[in-house]
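As structure tokens, the structure follows; a few thoughts come after it.
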Amino acid sequence: MQDRTYTADAEPGDDATVAGWVHEIRDLGGIAFLILRDTTGKIQVKFEKDEMDDELVETGLDAARESVVKVSGAVEEEPRAPTGVEVTPESLEVIAPADPELPLDPSGKVDAELSTRLDNRTLDLRKDEVQTVFEIRSDVLRAVRDQFRDFECTEINTPKIVATGTEGGTELFPITYFGEEAFMNQSPQLFKQLIAGSSVERVFEIGPIFRAEEHNTPRHLNEATSIDFEGAFCDHTDAMDVAEGVVKSAYEAVEEQYGDTLEDLDLAEDFEVPEGDFPRISYEEALERINATGELDEQLVWGDDLSTPAEEALGQDVGGHYFITDWPSEIKPFYIKDHDDDPDLSTGFDLMHPRMELVSGGQREHRHEKLIEGFEQQGLDPSEFEYYTKMFKYGMPPHAGFGLGGERLIMTILGLDNIREAVLFPRDRQRLSP
Ligand code: ATP
Ligand code: AMO
């Protein structure tokens, strides 16, 4: 709208046209106020009933909350107005009336269930706090991109419709591709390796992953955003350095841009930029520390995966972000390389937030014969993955990388209870629309 002024830019002395949503109407009898809200803030519109055109007053005060209106008039200083200025309307137009029965209250005075909020995201996003989550998400992704560029990475996009899975068969969503069976990709794993093995060398991707996880938890989605890295001539310690740098850059961006506002918005009450290096704890030490907490009913033994209560016990014990390194080879995927001096130990690592896992990664098996052996050990048919394995015959350098869950990153930074709060339109067992 060419002649529109944002409410935040409306200065006393201006003749302005503001446009936005009816946030609130307060009728005090002889005088009434309409609070108009736009993306920059709010402004008070004043109606002095005896001194103004009846039709204009009626149109303004009859507009239901959340209707879209356009108001033109003189902007004046008014210390009693919420923002210190108000508009006296000369004209007022209801551009889009709202049904007075709203499915949720965008002023936030009445709490709504998460499912009601997700069913009515447009209205939900009219709340400052909710909007800020997604502004922060956008700024975190920008910071992550900048950090990868500082690490001299190239941003890539890989296919989401694929012929074979990567992480294991049970979590795939099958689709029909011109009469043939295909799948929604669960990770860019194999593709990012194929590119790191070209002379592009260092790559990152921010894109969707699809996982047919049966369980319904506050930290799993069926469509998530994966932040992936892969670098040639990198080992697992280099990949850990990159993961740590990326996570810290996200916190620093939030601190810099939102540090002062988080508390007012009731977001991220315990927000703190992580200080110092993230400790690197071996799987063996992790088991000992978890067992020593006495929080679990049964003691963990070598080879066990870490259950949610085990992760929580260790998270509390450590108290900040930390890596778990040197996992047993048998519980890491075929593409993760084992240590040269101990084939039972893998170079795989996880980066943990005290509340949950954020990242998995490791150095990759780059030797063709060993890779084929790994497929067989995992019960996978290497011939189905020939498009991938054959490139390991033409000069595949050592390489390493990781995948970081984008929504888990936002969720843990902002202290959100449910991962769905970090996605505009989440996909889960119960939710396929909107
Ligand atoms: P995470 O380990 O944090 O879940 P992930 O998605 O990479 O991340 P997977 O190995 O795919 O993990 O999933 C297995 C893990 O998921 C389990 O270790 C457990 O922590 C969690 N999990 C699986 N089912 C449930 C469930 N029904 N309730 C809570 N947590 C579950
Ligand atoms: P992994 O399967 O551990 O590793 O996934 C990496 C990270 O992605 C996030 N994540 C999810 N977030 C929300 N909902 C889900 N269903 C979900 N699944 C995964 C988590 C997890 O730590 N190919 C490897 C990565 C690599 O080695 O480069 C992989 O996908 O934060």
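As the structure lists them, so they are numbered: ligands from 1, and atoms in each ligand from 1.
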Is there a nitrogen or oxygen of [X] sitting under 3.5 Å from a nitrogen or oxygen of ligand 2?
{"X": "Ala224", "result": "no"}
{"X": "His220", "result": "no"}
{"X": "Leu404", "result": "no"}
{"X": "Glu213", "result": "yes"}
{"X": "Gly403", "result": "yes"}
{"X": "Leu358", "result": "yes"}
{"X": "Gln186", "result": "no"}
{"X": "Arg211", "result": "yes"}

Subset of ligand 2 atoms that lie under 4.0 Å from at least one heavy atom of [X]:
{"X": "Tyr335", "value": "23 (N), 24 (C), 27 (O)"}
{"X": "Lys192", "value": "26 (C), 28 (O)"}
{"X": "Gly405", "value": "7 (C), 8 (O), 9 (C), 31 (O)"}
{"X": "Leu221", "value": "13 (C), 14 (N), 15 (C), 16 (N)"}
{"X": "Ser187", "value": "23 (N), 30 (O)"}
{"X": "Ile419", "value": "13 (C)"}
{"X": "Phe402", "value": "26 (C), 28 (O)"}
{"X": "Arg219", "value": "13 (C), 14 (N)"}

Donor-acceptor contact below 3.5 Å, side chain [X] vs main chain [Y]:
{"X": "Asp14", "Y": "Ala10", "result": "no"}
{"X": "Lys192", "Y": "Phe402", "result": "yes"}
{"X": "Arg126", "Y": "Ser107", "result": "no"}
{"X": "Glu244", "Y": "Asp241", "result": "no"}

Is there a donor-acceptor contact under 3.5 Å linking the side chains of [X] and [Y]?
{"X": "Thr293", "Y": "Gln316", "answer": "no"}
{"X": "Ser226", "Y": "Arg211", "answer": "no"}
{"X": "Glu373", "Y": "Gln377", "answer": "no"}

Exercise. Can the ring centroids of Phe334 and Phe375 be said to lie less than 6.0 angstrom from one another?
Worked result: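 They qualify: ring centres under 6.0 Å apart.
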For this session: Quick one: do Thr40 and Thr7 satisfy side-chain hydrogen bond (donor to acceptor under 3.5 Å, both in side chains)? Show the steps, please.
Result: CA-CA 6 Å; Thr40 65; Thr7 58; 3.0 Å; yes
Exercise. Hey, mind stepping through Ile419 and Arg408 against side-chain contact (heavy atoms from CB on, under 4.5 Å) and telling me if it holds?
Worked result: CA-CA 7 Å; Ile419 196 165; Arg408 289 190 184 186; 3.7 Å; yes
Problem set entry | Heavy-atom side-chain proximity of Leu104 to Arg117 below 4.5 angstrom |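 Yes, close enough: below the 4.5 Å cut-off.
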Exercise. Can you check ring pair (Phe, Tyr, Trp, His ring centres under 6.0 Å) on Phe210 and Phe173, steps first, answer last?
Worked result: CA-CA 7 Å; Phe210 304 90; Phe173 284 112; 7.3 Å; no
Exercise. Is ligand 2 less than 4.0 angstrom away from at least one heavy atom of Gly361?
Worked result: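 Gly361: in contact with ligand 2 (<4.0 Å).
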Exercise. Would you call Asn222 a ligand 2 contact, heavy-atom distance under 4.0 Å?
Worked result: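 Asn222 does not count as a contact of ligand 2 under the 4.0 Å cut-off.
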Does ligand 2 have a heavy atom under 4.0 Å from the side chain of [X], from its backbone, from both, or from neither?
{"X": "Glu357", "answer": "both"}
{"X": "Val359", "answer": "backbone"}
{"X": "Arg364", "answer": "side chain"}

Problem set entry | Listed once per pair and sorted, the side chain to side chain donor-acceptor pair (under 3.5 Å) pairs that draw on residues 329-344, sequence neighbours left out |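 Every side chain to side chain donor-acceptor pair (under 3.5 Å) pair that includes a residue of residues 329-344, provided the two are not neighbours, is Glu167-Tyr335, Asp326-His339, Ser329-Asp338, Lys332-Asp350, Lys337-Asp340.
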